[in-house]
Asker: 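Pasting a structure below so you can have a look.
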Amino acid sequence: MPLETTSFDLSAAKRRCRRYRRRILDISQRVSALHIGAAFSCTEIVDCIYNGLMRRSGASATSPDTFLMSKGHGCMVQYVVLEDLGVLSRADLDSYCTPHGRLCVHPDYGNPAIEASTGSLGHGLSMVVGMALAERGKRRDGVIYTVLSDGETQEGSTWEAVLMASSLKLQNIVAFIDNNDLQSLGRASQTHPSLYPLAAKFSAFGWETAEVDGHDSAALHDTVRTRTGERPLMVIARTTKGKGVSYMENEPIWHYRSPDKDEYAQAVRELEMQG
């Protein structure tokens with residue numbers, strides 16, 4: 001059955017995502033590298049999960065939902081969302097990647113709302129399967145949300161988890177693939193063309209699948225809310241690495257480096273023009 005529809009303010013989502021990108025830009029001026037392009041490509045996805053889909057403590061769910069960032073190098077957007085929600089403090093973000101700070105380049109288990117240490121790509125979905133199975137065993141109704149990189153679909157462990165999730169009928173898994181088609185310095189569609197089409201692969205493995213524009217908050221939200229709920233769901237979200245800043249979009253170098261002062265100023269201007 002489709003999930004119950006909840007209100008999702010699209011104008012507010014757009015403002016939040018612009019604010020999240022600006023916050024990440026500001027932090028980039030204090031560190032040499034923070035995977036800014038990878039964070040910008042999944043900004044709308046992570047915002048939709050936290051602010052439009054997840055049920056937190058005190059909601060109608062018997063147990064709260066859970067989010068695991070399998071794509072560990074995209075964690076900057078998770079950090080700024082958690083700051084916005086009051087889970088992390090401004091001081092936590094300001095001390096990112098410093099000797100006295102607790103937030104690092106990849107998520108570390110033990111920090112608030114970080115469910116697992118990720119960044120060794122291909123492990124996340126296996127942990128999600130375990131979490132979803134545990135929810136069932138405890139007779140709880142929490143949904144496990146996750147975001148994977150498209151590069152992770154090259155890992156055998158990912159496909160083992162895909163097979164197990166459908167075999168166990170884990171309907172409480174909602175996964176998104178940040179399909180920006182860039183992995184470090186190359187295009188996945190060129191280095192691993194047999195991966196495509198992705199949706200057909202997941203359908204063949206027994207998942208409910210959908211393909212959407214990963215920067216369309218309404219499409220992301222509605223796709224999950226109207227799912228049948230009979231199988232685990234995989235949403236292939238077509239995204240642009242570095243989304244929102246013209247000179248970053250689809251440029252592999254922004255997987256690693258931070259903008260210099262002039263580049264930062266241009267990025268800020270472009271984000272402000274999107275308001």
Side-chain angles (χ1 to χ4, degrees), residues 1-6 8 42 44-50 52-56 59-72 74 78 115-116 118 121-179 188 195-214 219-239:
M1 296 295 292
L3 296 179
E4 179 184 355
T5 301
T6 60
F8 185 51
C42 61
E44 283 77 12
I45 301 171
V46 177
D47 170 68
C48 183
I49 292 171
Y50 272 110
L53 297 172
M54 281 181 65
R55 300 164 300 178
R56 292 186 280 274
S60 60
T62 311
S63 61
D65 296 335
T66 301
F67 173 67
L68 186 147
M69 176 65 88
S70 181
K71 177 191 168 179
Q78 183 183 18
E115 300 295 333
T118 58
L121 299 177
H123 293 177
L125 191 59
S126 295
M127 290 187 278
V128 166
V129 168
M131 292 175 179
L133 188 59
E135 284 292 299
R136 176 193 290 174
K138 294 176 181 178
R139 298 185 183 280
R140 303 193 309 196
D141 67 347
V143 177
I144 315 300
Y145 292 91
T146 189
V147 174
L148 295 85
S149 63
D150 45 11
E152 287 183 89
T153 59
Q154 298 165 30
E155 297 284 352
S157 54
T158 295
W159 293 102
E160 290 174 10
V162 169
L163 175 62
M164 187 58 68
S166 59
S167 296
L168 293 173
K169 296 181 172 56
L170 296 175
Q171 301 100 323
N172 57 336
I173 293 177
V174 174
F176 296 82
I177 289 184
D178 181 6
N179 188 198
L195 280 173
Y196 297 88
L198 276 172
K201 305 294 189 300
F202 289 103
S203 294
F205 272 73
W207 285 55
E208 181 177 354
T209 61
E211 290 188 81
V212 301
D213 179 344
L220 292 165
H221 182 264
D222 293 347
T223 294
V224 177
R225 287 298 175 186
T226 58
R227 62 179 294 216
T228 67
E230 297 172 357
R231 295 177 290 166
L233 174 66
M234 181 63 72
V235 180
I236 293 93
R238 300 181 302 274
T239 61

Asker: Restricting to ring pair (Phe, Tyr, Trp, His ring centres under 6.0 Å), what partner residues turn up for F176, sequence neighbours left out?
Answerer: none
Asker: Write down the atom of K71, the atom of L121, and the distance for their closest heavy-atom approach.
Answerer: CA-CD2, 4.3 Å
Asker: In Å and rounded to the nearest 0.5 Å, what is the CD to CG distance from E211 to N179?
Answerer: 8.0 Å
Asker: Check for a donor-acceptor pair, side chain of E208 on one end and backbone N or O of T228 on the other, with a separation under 3.5 Å.
Answerer: yes
Asker: Can you name the closest pair of heavy atoms from F202 and T153 and give their distance?
Answerer: CZ-CG2, 4.2 Å
Asker: Taking only residues two or more places apart in sequence or in another chain, which ones pass salt bridge (Lys or Arg N to Asp or Glu O under 4.0 Å) with E135?
Answerer: R140
Asker: Give a yes-or-no answer on whether the side chains of S126 and S157 include a donor-acceptor pair shorter than 3.5 Å.
Answerer: no
Asker: Rounded to the nearest 0.5 Å, how far does OG1 of T146 lie from CG of L125?
Answerer: 6.5 Å
Asker: Does the plane of the ring in Y50 sit parallel, tilted or perpendicular to the ring in F67? Use 30° and 60° as the thresholds.
Answerer: perpendicular
Asker: Any idea which heavy atoms bring D178 and C42 closest together, and the distance?
Answerer: OD2-CB, 3.4 Å
Asker: Apply side-chain contact (heavy atoms from CB on, under 4.5 Å) to the pair M127 and T118, showing each step before the final yes or no.
Answerer: CA-CA 10 Å; M127 290 187 278; T118 58; 4.0 Å; yes
Asker: Inspect the surroundings of CE in M54 and state if more than 12 heavy atoms from other residues, nucleotides or ligands are less than 6.0 Å away.
Answerer: yes
Asker: Can you confirm whether E155 sits close enough to E160 that some side-chain heavy atom of one is under 4.5 Å from a side-chain heavy atom of the other?
Answerer: no
Asker: Quick one: which of I144, L168, N172 gives a side-chain contact (heavy atoms from CB on, under 4.5 Å) with L133?
Answerer: L168
Asker: Working to the nearest 0.5 angstrom, can you tell me the gap between M164 CE and I173 CD1?
Answerer: 11.0 Å
Asker: Nearest 0.5 Å, please: how far is CE in M234 from CH2 in W207?
Answerer: 4.0 Å
